[in-house]
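Basis for what follows: all heavy atoms, side chains included, without hydrogens, waters or symmetry-related copies.
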Amino acid sequence: MADPFVVLASMLAPAAALRVASSLDIDGRLSKALEKVPPGSAAAAPLEDAYKAVGGTALAAVLRGFAAAAETSAADIRAVWSGPTFDGDGDHTTSAIAHLIDGAKEDVFASTYSATPDSEFVKALWKAIARGVRTTLLVDSTVNNGQTASMLRTKLTGARFWTYRAPDGQYALQHSKVLIVDSRSAFVTSANLSTAGAERNLEAGVVVHDVAFASGMRQRFAKLWEHGAITDLG
C-alpha cells in the first residue's frame, strides 16, 4: 500500500495543501478538509488515510511542510507605515489591510483594541464576510464602555467575536493588533485598526508572507482559546 503522505505530496499543489491545512487548523474536522479538494479527486482517499494515521493537527503541519518545500521564494517581509509617506517607504497601513483581506479565500483572523465604523479595515472585513470568508475578531470588551465592540458586532454581522480574559482574573486589556489571512500571511502592527490608526497616527508594522510564521501566529491564538484566556464575547 502506498504511503498516503507520499501520495498527497505528489497530488496536492502548494495552494491546495495550504487550503486543507488551513481548514484543519481552523476546524479540525476531516469532513471540512475534504471539501477543500475537488469532488472526485484522487487525493481524497490518501487524505483520509493520513488523517486517520496522525490526526488533524499533525496532518496540517505536514501539509504546510509540503507547501513550504514546494515554494521557491523566500519569506516576503515588508515594513508597513501609517502617517506621512516618503519615497522608498514600504506599504501603507490602509493599502496593506485592504490588500490582505481582499485576497482572503478561507479565513481571516483580526485583533484590535480600537476601531471606527468608517475605517477601511471594517469595510474590507465586511466584504470578506459577504464573500463567505470565515471571519473572527478578537476585541477588547471594555474600550469606550463596550461601545466599540458593540459597533463592530453591528457592522460585521456574521463574524465571530472573541475577547481576552486574564487567566488570573485581574483587569487586563486586549491590546494586540494582528491580521492573519488563510494561515499564510500575517500583519503585525502598532496601529489600532481605525481611521486614525491607519491614516493619521505615526504607526509601524510588518507584513509577513510566510506559511510557517502566519500558521504559528494563528495557532498561538487558538491555544489561548483552548486555555480559556480568549473567550466568546458575551
Going through the checks in order, is the side chain to side chain donor-acceptor pair (under 3.5 Å) test met by Asp118 and Thr195? CA-CA 7 Å; Asp118 59 342; Thr195 300; 3.1 Å; yes
Can Ser215 and Asp25 be said to form a side chain to side chain contact (heavy atoms under 4.5 Å, CB included), step by step? CA-CA 8 Å; Ser215 294; Asp25 281 337; 4.2 Å; yes
Starting from the C-alpha separation in whole Å, work towards a yes-or-no answer on side chain to side chain contact (heavy atoms under 4.5 Å, CB included) for Leu125 and Val108. CA-CA 8 Å; Leu125 285 175; Val108 170; 3.7 Å; yes
Step by step, would you call Leu233 with Ser141 a side chain to side chain contact (heavy atoms under 4.5 Å, CB included)? CA-CA 7 Å; Leu233 182 65; Ser141 62; 3.7 Å; yes
Given the rule in the salt bridge (Lys or Arg N to Asp or Glu O under 4.0 Å) test, do Glu226 and Lys223 qualify, once you have shown the distances and angles that lead to the verdict? CA-CA 5 Å; Glu226 291 169 6; Lys223 186 172 291 186; over 6 Å; no
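A donor-acceptor pair under 3.5 Å is absent between the side-chain atoms of Asp49 and the main chain of Pro4, judged by distance alone. For the pair His92 (side chain) and Thr94 (backbone), a donor-acceptor distance under 3.5 Å is present. Checking side-chain atoms of Thr142 against main-chain N and O of Asn145 turns up no donor-acceptor pair under 3.5 Å. A donor-acceptor pair is defined here as one N or O able to donate and one able to accept, closer than 3.5 Å; no such pair exists between the side chain of Thr163 and the backbone of Asp140.
Side chains of Ser23 and Asp27: a donor-acceptor N/O pair is absent below 3.5 angstrom, by distance only. Judged purely by distance below 3.5 Å, without hydrogens or angles, the side chains of Thr148 and Ser114 never pair a donor atom with an acceptor atom. For Thr116 and Ser194, the side-chain atoms include no donor-acceptor pair closer than 3.5 Å.
Other residues, nucleotides and ligands contribute more than 12 heavy atoms inside 6.0 Å of the CZ atom of Arg131. Under a cut-off of 6.0 angstrom, the local environment of NE2 in His99 is sparse, with at most 12 non-hydrogen atoms contributed by other residues, nucleotides or ligands. For Asp232, the CG atom counts as densely surrounded, since its 6.0 Å shell holds more than 12 non-hydrogen atoms of other residues, nucleotides or ligands.
Between Ile101 and Lys127 there is no side-chain heavy-atom pair separated by less than 4.5 Å.
Residues in residues 175-206 take part in these ring pair (Phe, Tyr, Trp, His ring centres under 6.0 Å) pairs, two or more places apart or across chains: Tyr113-His175.
Checked for salt-bridge contact, Arg184 and Asp210 miss the test: no charged N lies under 4.0 Å from a carboxylate O. With respect to Asp107 and Arg218, a salt bridge is recorded, a charged nitrogen being found less than 4.0 Å from a carboxylate O. For Glu203 and Lys177, the salt-bridge test fails: no basic side-chain N is under 4.0 Å from an acidic carboxylate O.
Remark: Arg153 is not positioned above the aromatic ring of Trp162, lacking an NZ or CZ atom under 6.0 angstrom from the ring centre and at most 45 degrees off the axis.
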